[in-house]
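Have a look at the structure below, then the notes.
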Amino acid sequence: MDLKFFQRAASRQWPIVAVSLVIGLLAAFFIMHRAHSYSAEASVVLADANSTPSQSPSDAAHLSVQVVDLPALAQSTAVLSRVAADMHGTATVDQIRQHLQVRVSQGATIMPIVYRDLDPKTAVAGANAVADELTSFDREIVTSRFDSLISDLRRQVGVRKVQLSSLDNAISEAAIDNPLIDAKVGTEALNARIIDLRTKRDDTIALMRGDQAGATILDKLVQDTRDLARKENGDSDPVYQDLRTQYAKDAAQLARVKATFSGSYPGLAELISQNIQEHQQLSQAQTRVNHISPLSSKSYADSLREKLIADAKVSSDKAQIDAYNAELNANTGNVATMRSANTSLSSLRRERDVANDAYTQLSDRLTKALADRAQAASLGSIAVIDSARTAEQGSFSTARVIGIACFVAALWLGLGIAAVLELIREENSTEKLATDLYDAPVYATVRG
Amino acid sequence: MSPNAVALEALRILRVSICAENPLPVVFVASVQADDGRERIGAGLAVSFARGGFRTALIDGTISAASGLAGYDRIPESLQVIRPPSWVSNDLSRAKKFISELRELFDAVVIVASKSPLSEADVQFATLADGAVVVMREGRKVGAGDISLSRLLRGVQTQVFGVVPFKPGTLPAREKNDALKSRPAVVHGTVSRA
């Protein structure tokens, strides 16, 4: 492997060498270009990843941005688009990303942000813009997560408020439908009244039964007095008395005749006929006497008056009992209605208590979330501790040496690759195979 | 330098290397495939011998005896194209006699194989030659035909002087070669001086 071999390899594998030379030139140009550029550095301090703005692990444990994610966050399009806006569109997001260098060491708490540009002012502005926007964005991430929680809690509190209002309306409507429902003693008063009415009704029933017994006795007395009054009327009628006396005499004579004499006794038929006639007369007189009002009798009138008084008492007792029963029925219905209404009302009140408890808990969580958000916004996970003020230019002489070294290295790399490829090609070439096969040299190609 | 000149220079190098071992050589030119260019290389080698002062015989078994010489503007007088007699393929002793006569009459003999793969007459010529030149068309990969040819040449104990890659298409068309038409006639069956 001599110089001619390398010449042959370079001429035959010239695309490889050319590409290597271009790469070397680009690398050298890039390095020297960077040496011409200015770099500005801003620093942000990183909060302890384990510290959170809230003591509640359920709400805030996940809210802080991990430190290892900050470089990626700093180079994200979301942050860099804001940086581009801050820089008034002098650079695109991709250009800013190329000019930006953000790295954080393991366990370090300070993260440098380096921005390179040909203009020193732009480099300073870029580094500061990235630091500011990164801090702002990080704070937004923390607070936005609280905002989401707060928004959700507010929504739930609103729902609970509507539920409480609905329950209050339902309770009020239930109270309006039955005025006694709202009074806690309503049921007790009704129950007491029912008991009282029942007692009075029972007393009245007992009194009525006594009055009924008295009325019955008086009725019997009236019956008895009426017979006596009729007898008195007959006794006091002289015609009737005469007829009865005469009839009695004639009847006694007829009986005596019938007993003493046979049927052939003269005058018997006449006696019988007379007796019948007298009996008829007596019956007529009896009928007439019977038609005389017993009220003419004072005792009958007195007993009859007493009986009427007793009947009136019984009627009064019955009416009073009916009144008691009516009132009892009404009160019993009211009690039943109140029981049903009280049942639904109790259910409504229980629901309201539950809703009130939930509302209270949500309100407490909302208050806590608001406090946490305020705390997180005030603390944040990162903060700018050192803004870039000046930009430094890279060392051109060193860059030139490095650039030339890169060029030479690329050239050697290209030649090396070309030599390897040439070796491989020769090893597998037709000439080599033909030489081995025929055991003879392969001459130069004859064209013709 | 024209392509023709380059080709001649390459063939001259080949001729010199052959003559280093065999001052009056009988060279058998063979190839694996028909289009490898053995006629062109054989003719060019014969021209090279002739231009080097050799009385040269070009034994061409193909139908167009002078096809390999097409494109050469100037063909030396010392070059003769000879068509081999038909009985050569059947009689080895006659073939030997034929070659012996050629050795007596010419300083260098270039025998171009008539077929690819080799015919029976070609094998006899290869056996009687001092060595062989294998022609390969440039770009063609070494294949099974090459292996067969190398085995055959080893079998008849014919030394291979060298392998010549050939790239066709740079020389003038064959029809323009008028020089050969004025050459002495080829004697069939026997060899006579031109």
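Below, read A as the first sequence line, B as the second, and so on, with proteins coming before strands; counting in each chain starts at 1.
- Within a 6.0 Å radius of CG in Asp119(A), more than 12 heavy atoms belonging to other residues, nucleotides or ligands are found.
- When the candidates Leu153(B), Val164(B), Val133(B), Val134(B) are compared by the number of heavy-atom contacts under 4.5 Å with chain A, Val134(B) comes out ahead.
- Heavy atoms of other residues, nucleotides or ligands lying less than 6.0 angstrom from CD of Glu140(A) number more than 12.
- With a 4.5 Å cut-off on non-hydrogen atoms, Arg140(B) touches chain A through its backbone but not through its side chain.
- Other residues, nucleotides and ligands contribute more than 12 heavy atoms inside 6.0 Å of the CZ atom of Arg154(B).
- For Val160(B), the parts sitting under 4.5 Å from any heavy atom of chain A are the backbone and the side chain alike.
- The side-chain contact (heavy atoms from CB on, under 4.5 Å) with Thr445(A) is formed by just one residue from the set Glu138(B), Arg137(B), Met136(B); it is Glu138(B).
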Exercise. Evaluate the side chain to side chain contact (heavy atoms under 4.5 Å, CB included) criterion for residues Tyr443(A) and Leu11(B): first the C-alpha distance (whole Å), next the side-chain angles of each, then the deciding distance (0.1 Å), finally the verdict.
Key: CA-CA 9 Å; Tyr443(A) 291 88; Leu11(B) 293 171; over 6 Å; no
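- Minimum heavy-atom separation, Ala440(A) to Gly162(B): CB-CA, 3.8 Å.
- Between Ile147(B) and Leu437(A) the shortest side-chain heavy-atom distance falls below 4.5 Å.
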